[in-house]
Number of protein chains: 2
Amino acid sequence: MNLKELSAKLNLSPTTVSRALNGYPEVKEETRRRVLAAASRYDYSPNARAQGLATGRSQAIGHVIPLSTKHEMVNPIFGDFIAGAGETYSSHGYEMLISVVEDDRAEDAYRSLKRRGVVDGIILHGPRMEDSRIPLLQELGLPFVVHGRASGLPQDYSWLDVNNRRAFQRATDFLLDLGHRRIALINGLETMDFAARRRAGFETALTARGLKADPALEVSGEMTEAMGHSSALALLDRPMPPTAFLVSSMVSAMGVRRALEDRGLRMGVDVSVITHDDALSYFTGGDDVPLFTSTRSSVREAGRQVAQMLIDRIDSPDAPPRQVLMEAELTVGRSTGPAPTE
Amino acid sequence: MNLKELSAKLNLSPTTVSRALNGYPEVKEETRRRVLAAASRYDYSPNARAQGLATGRSQAIGHVIPLSTKHEMVNPIFGDFIAGAGETYSSHGYEMLISVVEDDRAEDAYRSLKRRGVVDGIILHGPRMEDSRIPLLQELGLPFVVHGRASGLPQDYSWLDVNNRRAFQRATDFLLDLGHRRIALINGLETMDFAARRRAGFETALTARGLKADPALEVSGEMTEAMGHSSALALLDRPMPPTAFLVSSMVSAMGVRRALEDRGLRMGVDVSVITHDDALSYFTGGDDVPLFTSTRSSVREAGRQVAQMLIDRIDSPDAPPRQVLMEAELTVGRSTGPAPTE
DNA sequence: GACTCGGCCCAAAGCGCTTTGAGTGAATAA
DNA sequence: TTATTCACTCAAAGCGCTTTGGGCCGAGTC
């Protein structure tokens, strides 16, 4: 069933039917009701491509995901973020379009999406420092919102980020208050902006107490379970091992935890661990007192909000960019305790 | 730049330019070269919506993801599956369209995708037993491939599945060979088809040795870390606790492992654990001998193949449906050992 | 020389919608 | 009464592409 057929059934012109369906005021209420009834009776919805061609919009939002295993995106948080964003999209009549591309072809992907008119806007994931995709998107004139943000760019653009710096600073303070002095940082890849900010927070807290960050206690890499495990083992086997670990992801933290067991150490007693927790649906829940003390921030909620920001931006392209900083909660679990006396 | 403008620059008709671009034989080689050169020079690509409207195709594949936390899809494997499928799509010029919907509106979502002509095909995730979405998609005439399969349906449709039954049967045999007799099963939600098959494999292996499955040792639920943990604790605290666990997912297995530690038991010595491992990028790797003995099957590879099957199906809709059964590898790690003598 | 036949190329229709610009009849105002 | 407005409705153009159905021209055939 298409518009023409439907309007024939109604003895109306396609014009009127289209207007009735789209809520234009020029059509009599009674007529509108008739049209709506017929549409649902004949199970009609407008063809999205035709509608898009006529309006110049696609009602779709693009997410470009680089394929490389190096990238931090095809990872546990992906599903939750998408779920959050998807909620917002579907309540606003947008589709989510995901483009998986070779690592070095991300920019081409943006260009292509724009040229072919496939999407009305873009959500940018996993920004690196001085990320070149941001000026590119501005140049293309494609509305976008960044999940995270990129240091070192003069441009003004919309983003939503967790206050990573503050979160890790607080977590470090918490450990310092417990008497820990040798704290290890197991961070994400520090080309990623969030990782750099976390490290800054960590080091700021140390400096504020007159301590100096020990580079030997700072590790950065892709946040896998294995990486957490091997890094922690190496650190624990040092002559002066850390008494606490600050870890950038739940998955790596599980690796750290495994390393502690391997060395016969009790988490929360012999060694403390704080991790960042993205509140993933399948890791949380259950216990009254969580396993890990963590800096917690729901990536699903972030998805919802970023999507909403982008839709707003598409609706009013001339509004000034917006920035949102979400604060992470410092949630106390069973993985932290006073530093052991030496 | 659109077709008309480009053809004006070339002093050719839009017809010829379109044909040149799409590789039709009616155009002189030299002309085609000129067109191609101009297209790349002026950075032209056809507008996807217009192309779609004219051809009746959208060059997009739909994935409908129910939103409920109950569902097994917004979960760790999602990212990896999508990455695999996305690879295939982008090499064939398809976009991936993800629709996140309320749990009970999945069928509407399919109808709507079809009506509005948004996608050329569908990948069906997380089939339940006698899943009603399968007949629906057939009725709609929308090409589709199921990741997994659904028992109890008479229809013939395309699917790709892991041989879950065989995998769990082999894993159980492996444990039985090690002398284990009280084996617990920590399964996914058994409304899910794969979970039912895994249980069947488990019970078949037991029966083949004249043992009877003990319902008290079988748990099923959403595969979270917390669920693995609490289920395992409950089982370990029984008067006759299991000496081995067969677990349906890596995440739950980590919970099981935590429960073992809580009870001071050594995994692989006091208690054996086998888990299914979807070969997620962030959980594997690193160690020479993996932590868990597992039935392993790459969900990313599954994504690649399912996508390819669907594209083939779209290209030749009259070909008979295809079924692919992937065998899982039984990979020996450090989590299994002989049953302790009582 | 007339005729066919490829090889190339083009005009125009059509995909299904939105939107502009106009028209109609009825109600109100002058 | 005539003019003006208002509330509805419609015809037609246009979005950017593909595709059908020719058309033209030069080469080959008889």
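Naming convention: chains lettered A, B, ... in sequence-line order (proteins, then strands); numbering from 1 in each chain. On a predicted model such as this, the values are computed, not experimentally measured, just so you know.
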### Task
Determine the contact category for A:R49: base if any of its heavy atoms lies under 4.0 Å from a base atom, sugar-phosphate if only primed atoms, P, OP1 or OP2 are that close, otherwise nothing.
nothing
### Query
How is B:Q51 classified with respect to the nucleic acid when contacts are heavy atoms under 4.0 Å: base, sugar-phosphate, or nothing?
sugar-phosphate
### Message
Using OP1 and OP2 only, check whether a side-chain N or O of B:S18 sits under 4.0 Å from D:dT19.
### Response
no
## Note on the structure
Residues passing the side-chain contact (heavy atoms from CB on, under 4.5 Å) test with B:Q305, sequence neighbours excluded, are B:L160, B:E301, B:V324, B:M326
### Query
For A:L21 and D:dT9, what is the distance between atoms CG and C1' respectively, to the nearest whole Å?
16 Å
### Message
Does A:T55 reach a base, just sugar-phosphate, or nothing at all? Heavy atoms under 4.0 Å.
### Response
sugar-phosphate
### Query
Does atom CZ of B:R105 have more than 12 heavy-atom neighbours, drawn from other residues, nucleotides or ligands, at distances under 6.0 Å?
no
### Summary
Judged by nearest nucleotide, the residue sitting upstream toward the 5' end of DNA chain D, A:R19 or B:A54, is A:R19
### Message
With nearest nucleotide decided by heavy atoms, which residue, B:E29 or A:Y44, maps closer to the 5′ end of DNA chain C?
### Response
B:E29
### Query
Are B:E95 and A:R116 within salt-bridge range, i.e. N to O under 4.0 Å?
yes
### Query
Rounded to the nearest Å, what distance is computed from the CD atom of residue B:E26 to the P atom of nucleotide D:dT20?
10 Å
### Message
With nearest nucleotide decided by heavy atoms, which residue, B:V27 or B:L53, maps closer to the 5′ end of DNA chain C?
### Response
B:V27
### Message
Check the phosphate of D:dC10 against A:S13, side-chain N and O only, distance under 4.0 Å to OP1 or OP2. Yes or no?
### Response
yes
### First-last contacting nucleotides on DNA chain C - partner chain A, under 4.0 angstrom, heavy atom
C:dG16 to C:dG21
### Atom-to-atom span, NZ of A:K4 to P of D:dC10 - whole angstrom
15 Å
### Message
Below 30° counts as parallel, above 60° as perpendicular, anything between as tilted: where do the rings of B:F144 and B:Y157 land?
### Response
parallel
### Cationic N near anionic O, under 4.0 Å, B:D43 to A:R115
yes
### Query
Could you go step by step and tell me if A:N47 and A:Q51 meet the side chain to side chain donor-acceptor pair (under 3.5 Å) rule?
CA-CA 6 Å; A:N47 178 297; A:Q51 203 166 26; over 6 Å; no
### Query
Side-chain contact, heavy-atom cut-off 4.5 Å: A:Y89 with B:V100?
no
